[in-house]
Asks: 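For reference, the structure I am asking about is given below.
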Amino acid sequence: MKKIHFEVHTDGFYGDYWKCKTDSDCAMIAMIGDDSQDYLARTSVKWLHKLGLNVMTMSPAKKDYGHHNYPLERIENAIRWLKVHGNKKVGIVGASTTGTLALTAASYFEDITLTIGLTPSDFIWQGFMQGKKDGCKEWPIEGESLFSYREKPLPYMPFCYKHPQYWHVIEQETKRTGDMINSRKLFYDSEAVHPILEEEKIKIEKIHGKLLLIGAEDDVLWDAAKYIRRMEEREHICKLEAVVYKYGTHFVFPESMLKMMLPIGSASFVKFAFQSARKHPKECLETRIDIDVRIRNVIEEWKKGEVGYGG
């Protein structure tokens with residue numbers, strides 16, 4: 001696949017543009033994967049190309065696996081480039097932490113008229129870094145938010161655990177439950193100590209066009225189901241569709257996308273990753289199949305400009 005690469009110091013953002021082979025005036029900013037050129041990012045491009053979309057993959061930086069004070073201006077710059085280069089409509093999709101980023105960006109930039117958040121939170125939390133530090137694979141960064149705008153960190157919920165206890169809590173919960181990773185306690189305990197303030201919540205009421213929120217009750221990274229339900233309760237002008245499944249884990253990807261990512265053993269990988277998927281494989285598969293249909297339908301309606309999806 002041909003691409004145009006962008007760097008922060010020359011273009012104002014880090015990412016790659018993958019033009020669809022069929023003519024399209026709709027583009028999706030996709031933040032799937034840890035790098036804009038990695039395997040997951042390329043797979044998301046192939047999947048979105050089949051739906052007739054140009055794709056801009058974005059990530060914090062090359063092999064930067066953390067999320068801390070990510071400047072929203074980078075998405076603003078990417079939107080501007082997409083508009084100048086023939087894209088009349090711009091959407092955004094993210095999963096996990098980037099699902100939260102997708103919602104936050106959409107609340108700032110009204111040119112985004114389709115927002116898809118997979119397992120997002122409804123608030124912004126403290127920034128974190130991943131790698132190796134004192135035997136820990138992840139640690140919070142003092143004084144930094146997940147995102148920033150105009151050189152100011154956005155208000156955030158601080159974690160109640162500092163380094164290295166932060167990682168030790170995750171590690172202990174992961175070992176106890178048998179999941180690939182389990183950080184629910186981290187979020188529960190932090191919100192109990194620091195109830196989410198209004199300024200830390202994502203302003204769903206400022207999102208335009210169509211908003212699709214997807215999560216599952218058995219998500220063990222955080223309580224995505226609760227967060228999505230709280231977002232439903234906020235006033236909004238967008239056309240909001242919120243779907244919470246009983247089973248689906250943190251991997252609420254469309255089934256056909258997951259099969260592209262893992263042509264052999266996709267279901268086995270999910271079962272390996274999360275104990276809920278091992279106990280409820282049939283239900284998790286049904287969830288991913290339903291998500292597949294929902295996302296395809298939403299994108300098709302948005303492309304056609306139906307039901308006031310923005311333009």
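Computation of the quantities below employed the complete heavy-atom set of this structure, encompassing side-chain atoms and omitting hydrogens, waters and symmetry-equivalent molecules.
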Asks: Just checking Phe6 against Trp81, ring centres under 6.0 Å apart?
Replies: yes

Asks: Of the non-hydrogen atoms in Trp47 and Ser256, which two are nearest, and what is the gap between them?
Replies: NE1-OG, 2.7 Å

Asks: Distance from Arg150 atom CZ to Tyr108 atom OH, nearest 0.5 Å?
Replies: 9.0 Å

Asks: Considering only heavy atoms from C-beta outward, does the side chain of Leu213 approach that of Met231 to under 4.5 Å?
Replies: yes

Asks: Just wondering, do Leu82 and Ile29 contact through their side chains at under 4.5 Å, heavy atoms?
Replies: yes

Asks: Please determine if Glu241 and Arg294 form a salt bridge, counting it only when a charged side-chain N lies under 4.0 Å from a carboxylate O.
Replies: yes

Asks: Going from CD1 on Ile295 to CG on Leu118, what distance comes out if it is rounded to the nearest 0.5 angstrom?
Replies: 5.0 Å

Asks: What I'd like to find out is whether the side chain of Ile75 reaches to under 4.5 Å of the side chain of Phe13, using heavy atoms alone.
Replies: no

Asks: Using 4.0 Å as the upper bound for N to carboxylate O, is an ion pair formed by Glu198 and Arg234?
Replies: yes

Asks: Any salt bridge between Lys137 and Glu171, counting N to O under 4.0 Å?
Replies: no

Asks: If I take atom CG from residue Leu186 and atom CZ from residue Phe159, how far apart are they, to the nearest 0.5 angstrom?
Replies: 5.0 Å

Asks: Check for me whether the distance between the ring centres of His68 and Phe128 falls short of 6.0 Å.
Replies: no

Asks: Tell me whether Arg229 is salt-bridged to Glu232, with the criterion being a basic N under 4.0 Å from an acidic carboxylate O.
Replies: no

Asks: Salt bridge between Lys282 and Glu286, side-chain N to carboxylate O under 4.0 Å?
Replies: yes

Asks: Are the side chains of Lys246 and Thr287 in touch, meaning some heavy atoms are under 4.5 Å apart?
Replies: no

Asks: To check you understand the geometry: which heavy-atom pair defines the closest contact between Pro158 and Ser190, and what is its length?
Replies: O-CB, 3.9 Å

Asks: To the nearest 0.5 angstrom, please state how far the CG atom of Leu212 sits from the CD1 atom of Ile291.
Replies: 9.0 Å

Asks: Do Phe147 and Tyr70 have their ring centres less than 6.0 Å from each other?
Replies: no

Asks: Give a yes or no on whether the ring-centroid distance for Phe251 and Phe274 is below 6.0 angstrom.
Replies: yes

Asks: I need the minimum non-hydrogen distance between Ser148 and Glu73, along with the two atoms involved.
Replies: O-OE1, 4.0 Å

Asks: Of all the heavy-atom pairs spanning Ile202 and Ile124, show the shortest one and how long it is.
Replies: CG1-CG1, 4.3 Å

Asks: With Trp125 as reference, evaluate Tyr166, Phe187, Tyr156 under the ring pair (Phe, Tyr, Trp, His ring centres under 6.0 Å) test and give the passing residue.
Replies: Phe187

Asks: Any side-chain heavy-atom pair from Ile196 and Lys201 closer than 4.5 angstrom?
Replies: yes

Asks: Do NZ/NE/NH1/NH2 and the carboxylate oxygens of Asp223 and Arg184 come within less than 4.0 Å?
Replies: yes

Asks: Minimum heavy-atom separation for Asn69 and Pro153, please, with both atom names.
Replies: OD1-CB, 3.6 Å

Asks: Describe, in one word, how the ring planes of Tyr247 and His280 are oriented to each other, choosing from parallel (under 30°), tilted (30 to 60°) and perpendicular (over 60°).
Replies: parallel

Asks: Same cluster for Ile79 and Ile4 if Ile/Leu/Val/Met/Phe/Trp/Tyr side chains link at under 4.5 Å?
Replies: yes

Asks: Evaluate Gln275 against Asp179 for side-chain hydrogen bond (donor to acceptor under 3.5 Å, both in side chains), listing each step before the verdict.
Replies: CA-CA 6 Å; Gln275 56 92 12; Asp179 295 303; 4.5 Å; no

Asks: Show the numbers, then the answer: is there a side-chain contact (heavy atoms from CB on, under 4.5 Å) between Ile228 and Asp122?
Replies: CA-CA 7 Å; Ile228 287 172; Asp122 64 328; over 6 Å; no

Asks: Compare all side-chain heavy atoms of Met260 with those of Lys46 and state whether any distance is below 4.5 angstrom.
Replies: yes

Asks: Do His250 and Ile181 come within less than 4.5 Å of each other through their side chains, counting heavy atoms only?
Replies: no

Asks: Please name the pair of heavy atoms, one in His208 and one in Ile237, separated by the smallest distance, quoted to 0.1 Å.
Replies: NE2-CD1, 3.9 Å

Asks: How about Trp167 and His163: are their ring centres within less than 6.0 Å of each other?
Replies: no

Asks: Thr104 versus Leu72: any side-chain heavy-atom pair under 4.5 Å?
Replies: yes

Asks: Glu191 vs Arg230, test: salt bridge (charged side-chain N to carboxylate O under 4.0 Å, His left out). Steps then yes/no.
Replies: CA-CA 14 Å; Glu191 189 171 345; Arg230 290 197 305 210; 2.7 Å; yes

Asks: Just wondering, are more than 12 heavy atoms of other shown residues or ligands nearer than 6.0 Å to NZ in Lys133?
Replies: yes

Asks: Do the side chains of Arg296 and Asp292 get close enough for a salt bridge, i.e. N-O under 4.0 angstrom?
Replies: yes

